Amino acid sequence: MLRSTARPLLNSTINARPSCREYHLIKHGSRPVRPGSLPNRVCSAGMATDCAGWHLLGTPREELRLEHTLPTGQSFRWRETGDDEYIGVIGQRVVQIRQLEDDVAWRIIGRAPQAAEAEDTAVLADYFNLSTPLADLVRTWSASCDHFARIQPYFQGARMLRQDPTETLFQFLCSSNNHISRIHGMVERLCSGWGTRLPLTRSDEYGGPAHHAFPTLDQLAAVSEADLRAAGFGYRARFVTGSVARLRALGGEAWLATLRAGPPDVAVAALCTLPGVGPKVAACAALFSLDAHALVPVDVHVLALATRHYLPALRGKALTPALHAQVQAAFVARFGAHAGWAHNTLFISELARYRGRVPGTTRAEEVLLARGSEVAEEVDAGPDACARVVGMDGSDASTGKGGRARRKRKGGAASVASSLVEEQMELAPTTPPQAAA
DNA sequence: ACCGACCCTGTAGC
DNA sequence: AGCTACAGGGTCG
Ligand SMILES: [Mg+2]
């Protein structure tokens with residue numbers, strides 16, 4: 001195994017040459033070295049470390065795959081900095097994280113002074129919800145649902161994160177009737193404009209942009225609607241200032257945290273009293289940050305997959321609160337107390353970025369195949385394939401820099417294909433092609 | 001319960 | 001390449 005044949009250990013924003021010990025920790029094509037000394041169970045976030053600050057999370061691929069967890073719509077706080085490598089902020093820490101063959105490696109590259117190193121491992125374990133055994137849950141879900149059983153092998157390790165409640169609420173306050181790419185920018189400007197900058201602890205190795213904690217409610221209270229409009233928030237500017245004011249009146253972050261202990265419907269009802277927060281955004285905040293593992297944020301895409309597989313009678317109906325409740329109930333009936341987690345795997349299996357990964361599964365693919373589209377040329381990479389099926393040029397569909405499969409024909413299948421290609425981050429179409437025209 | 005307006009802007013489509 | 005037109009992980013009244 002020659003070094004020259006391996007991809008660079010660190011991406012281009014990391015300038016330092018990795019130490020020899022890093023090579024022991026980071027995979028080189030196949031497997032990490034010194035596996036015998038490493039914890040390999042979910043609940044024991046790794047203690048293993050090296051001189052460059054890398055640790056192992058202790059998560060086998062069935063428990064966590066970053067590709068299915070970080071850039072799939074639960075958080076807008078991560079950016080991909082390399083092949084299967086990301087940098088983002090968890091609370092008061094800037095985290096560099098990378099997928100290994102059967103584990104995940106992480107290190108802290110920046111932190112607030114009050115963020116003690118001794119807490120790092122616990123913070124990571126908390127953020128990735130490591131006390132929830134995903135692989136065990138998957139077995140029960142696969143027994144309950146044929147569709148889930150069919151697609152899940154292609155989307156392993158899709159965990160729910162346990163994000164900060166305030167951060168999650170405002171991220172998804174920005175999400176309604178909006179494009180993913182714009183949401184990313186809005187969240188970023190909120191952080192860089194009003195959040196506390198996190199000093200880098202490895203500034204000699206990292207030359208990328210600065211990172212900031214998500215602004216606290218006190219920091220947000222200093223932001224005017226005009227500020228937000230200038231930052232491109234549009235009409236959501238008033239939602240933000242209004243929600244900040246109301247949250248502070250209710251008791252701020254401490255009050256939000258109390259929602260974790262109560263029933264999910266109480267949390268959702270409370271969140272819905274905030275301006276700009278409806279059932280969908282409330283469910284996102286509750287599932288992504290308030291331990292409401294059973295909640296399902298029902299958007300148009302979730303409704304589409306629900307009508308396709310569970311509630312055919314609801315096809316074509318508008319996404320009213322009543323319908324939202326019906327879909328929610330159907331998911332809980334089928335998947336149980338962690339229905340929100342199950343929904344997450346189903347949701348990401350619909351992403352256009354993964355189109356073709358599961359042979360002949362989605363309705364969109366069925367339409368394309370029925371019309372003889374070249375989508376049939378996509379090879380079956382097999383379950384648990386690591387390589388992307390779409391975006392072979394390495395670009396990320398979610399950043400809009402291309403990478404989508406090129407379509408050549410006009411009319412017929414091509415018009416269907418173009419409606420697919422148009423999907424923003426990725427989601428397969430929710431409306432019949434003819435209706436889209 | 002239903003329906004139209006809605007701030008922007010990244011991107012598709014010429 | 002530049003432009004224009006569109007549509008977007010919903011929410012509100
Ligand atoms: Mg509300």
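The structure presented is a predicted model; accordingly, all values stated were derived computationally and were not measured.
- Side chain of A/Asp299, nearest nucleotide from B/dA1, C/dG10, B/dC7: C/dG10.
- When heavy atoms are screened at a 4.0 angstrom cut-off, A/Pro321 is found touching no nucleic acid atom at all.
- Contact annotation for A/Pro275: backbone-only contact, meaning every heavy-atom pair under 4.0 Å involves sugar-phosphate atoms and none involves a base.
- When all heavy atoms of A/Ile97 and A/Leu66 are compared, the closest pair comes out as CG1-CD1, 3.8 Å.
- Between A/Asp126 and A/Arg162 a salt bridge is recorded (basic side-chain N to carboxylate O distance below 4.0 Å).
- Atom CD in A/Glu225 sits roughly 11 Å away from atom C1' in B/dC7 (whole-Å rounding).
- Whole-Å rounding puts the A/Leu323 CG to B/dC2 P distance at 9 Å.
- Among the nucleotides C/dC12, B/dA1, C/dG8, the one closest to the side chain of A/Asn178 is C/dG8.
- Residue-level contact check: A/Val281 touches the backbone only, with heavy atoms under 4.0 Å from sugar-phosphate atoms and none from bases.
- Comparing A/Gly276 and A/His343 along DNA chain C, the residue whose closest nucleotide (by nearest heavy atom) sits nearer the 5' end is A/His343.
- To the nearest angstrom, C1' of C/dG8 lies 8 Å from CD1 of A/Ile183.
- Salt bridge status for A/Arg111 with A/Asp120: present, with a side-chain N to carboxylate O gap under 4.0 Å.
- Computed from coordinates, the A/Lys280 NZ to C/dG10 C1' distance equals 8 Å when rounded to whole Å.
- The distance from atom CZ of A/Phe233 to atom C1' of B/dC7 is 12 Å, rounded to the nearest whole Å.
- At whole-Å resolution of the value, CZ in A/Arg238 and P in C/dT11 are 18 Å apart.
- Remark: P of B/dG4 and OH of A/Tyr235 are 16 Å apart, rounded to the nearest angstrom.
- Between C/dG8 and A/Arg182, no contact under 4.0 Å exists linking OP1 or OP2 to a side-chain N or O.
- Residue A/Ser181 has its side chain nearest to B/dT11 when only B/dC7, B/dT11, B/dA1 are considered.
- Side-chain contact, A/Gln156 with A/Arg65: no donor N or O sits under 3.5 Å from an acceptor N or O.
- For A/Glu188 and B/dG10, the CD to C1' distance is 15 Å, given to the nearest whole Å.
- Between A/Phe148 and A/Phe335, the ring planes are tilted. Angles from 30° to 60° get that label.
- Contact of the A/Thr72 side chain with the A/Glu67 side chain is not registered, since no non-hydrogen atoms from C-beta on lie closer than 4.5 Å.
- Comparing A/Arg189 and A/Ala318 by the nucleotide of DNA chain B that holds the closest heavy atom to each, the one mapping nearer the 5' end is A/Ala318.
- A distance of about 23 Å separates the P atoms of B/dC7 and C/dT4, rounded to the whole Å.
- At a cut-off of 3.5 angstrom, counting only N and O atoms as typed in the model, there is no donor on one side facing an acceptor on the other between the side-chain of A/Arg236 and the base of B/dC6.
- Nucleotide C/dC6 forms a pair with B/dG10, judged by Watson-Crick or G-U wobble geometry with both contacts under 3.5 Å.
- Nearest to the side-chain atoms of A/Asn177 among the listed nucleotides C/dG8, B/dA1, B/dG10 stands C/dG8.
- In this structure, A/Leu274 reaches the sugar-phosphate backbone alone: every heavy-atom distance under 4.0 Å involves primed, P, OP1 or OP2 atoms, never a base.
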